[in-house]
Amino acid sequence: MIGKLAIAVSAVGLAALMTYPLVLQGQTPAPTVDSIAPKSTPQQGADVPARKAAMSASDEQDAMILARQGLMEGIYQYMDDADDWTGQSAGASDAAMLQALTREAAHTALMLPAFKQLFPPFTNPESPEFSSMFETYALPGIWAKPDIFSADLDATVAALNVLSVARDRSEYARRLEALQATCDACHDHFRRVYVSPLDPK
């Protein structure tokens, strides 16, 4: 159900943060091996560490991109579950479902600020260091306007906190719409529209 998926993707995101802890706003990443290594003609066999360093950088990018996509997938699943419930007729399980959904909203509000950490400069597709094998739907504005990105995420966290204290289905449904509006505003600024490879051309 919603909780299991969110917990799973949270673990992915936190693992990536441990691999590459970086605050988006006001900090720069540590110099890479390439940027601090002297530029000289490599000796025979010296390209092996260089290849390993390059693979490591690419692996870090892959992990970071998959972590942020995994976190978002968990949130999408939550929104789908919430939409399904608010679109149904009232039932005997409403109290339990409201409790589960509001609890999950509170958990997501705690988790979402970490999302700011998942966009280090080298995961920007416009960066010369970008070499990930995974496509990212993040727009360059995330790196160009970190203050606005941070503010959009803060607005979403606030909307999640408001949602988490809804007392009945109708109140929950109204607050869910407000949350969706904050999500859409952030996506309009910072996320390219996802096109599934399975969609008709």
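Sequence positions, counted from 1, serve as the residue numbers for this chain. Hydrogens, waters and symmetry mates play no part in the numbers below; they use all other heavy atoms, side chains included.
In this structure a side-chain-to-backbone donor-acceptor pair under 3.5 Å is missing from Q61 to M133. Panel note: side chain Y76, backbone L71; no donor-acceptor pair is recorded below 3.5 Å. Judged purely by atom type and a 3.5 angstrom limit, S150 has no side-chain atom pairing as donor or acceptor with the backbone of P146. When atom types are taken as modelled, the side chain of E73 and the backbone of Q69 share no donor-acceptor pair closer than 3.5 angstrom.
You'll find the side chain of L179 stays beyond 4.5 Å of the side chain of R175, heavy atoms only. Using a 4.5 Å cut-off on side-chain heavy atoms (C-beta onward), S127 and P121 make no contact.
In this structure, CE in M97 is found 10.5 Å from OG1 in T102, a value given to the nearest 0.5 Å. One finds the SG atom of C183 at 5.0 Å from the CE atom of M79 (value rounded to the nearest 0.5 Å). The CZ atom of R103 sits 10.5 Å away from atom CG of L98, with the distance rounded to the nearest 0.5 Å. Separation of atoms CZ (F134) and CG (D62) is listed at 5.0 Å; rounding is to 0.5 Å. L139 CG to E126 CD: the interatomic distance, rounded to the nearest 0.5 Å, is 9.5 Å. Note that the NE2 atom of H187 and the CG atom of D152 stand 10.0 Å from one another [nearest 0.5 Å].
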Acceptor/donor pairs from residues 82-91 side chains to any protein atom, 3.5 angstrom cut, sequence neighbours excluded:
from: W85; atom 1: NE1; to: D94; atom 2: OD1; distance (Å): 3.2
from: T86; atom 1: OG1; to: A82; atom 2: O; distance (Å): 3.1
from: T86; atom 1: OG1; to: D83; atom 2: O; distance (Å): 3.2

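Under the 30°/60° scheme for interplanar angles, the aromatic rings of F119 and F149 are found to stand perpendicular.
If you chain together hydrophobic residues whose side chains sit under 4.5 Å apart, I148 and I142 fall into the same group.
Judged as a side chain to side chain contact (heavy atoms under 4.5 Å, CB included), and not counting sequence neighbours, the contacts of T136 are I65, R68, P125, F130, A138. The side chain to side chain contact (heavy atoms under 4.5 Å, CB included) check on E177 picks up nothing, with sequence neighbours excluded.
Between D154 and K116 there is a salt bridge, since at least one side-chain N of the basic residue sits less than 4.0 Å from a carboxylate O of the acidic one.
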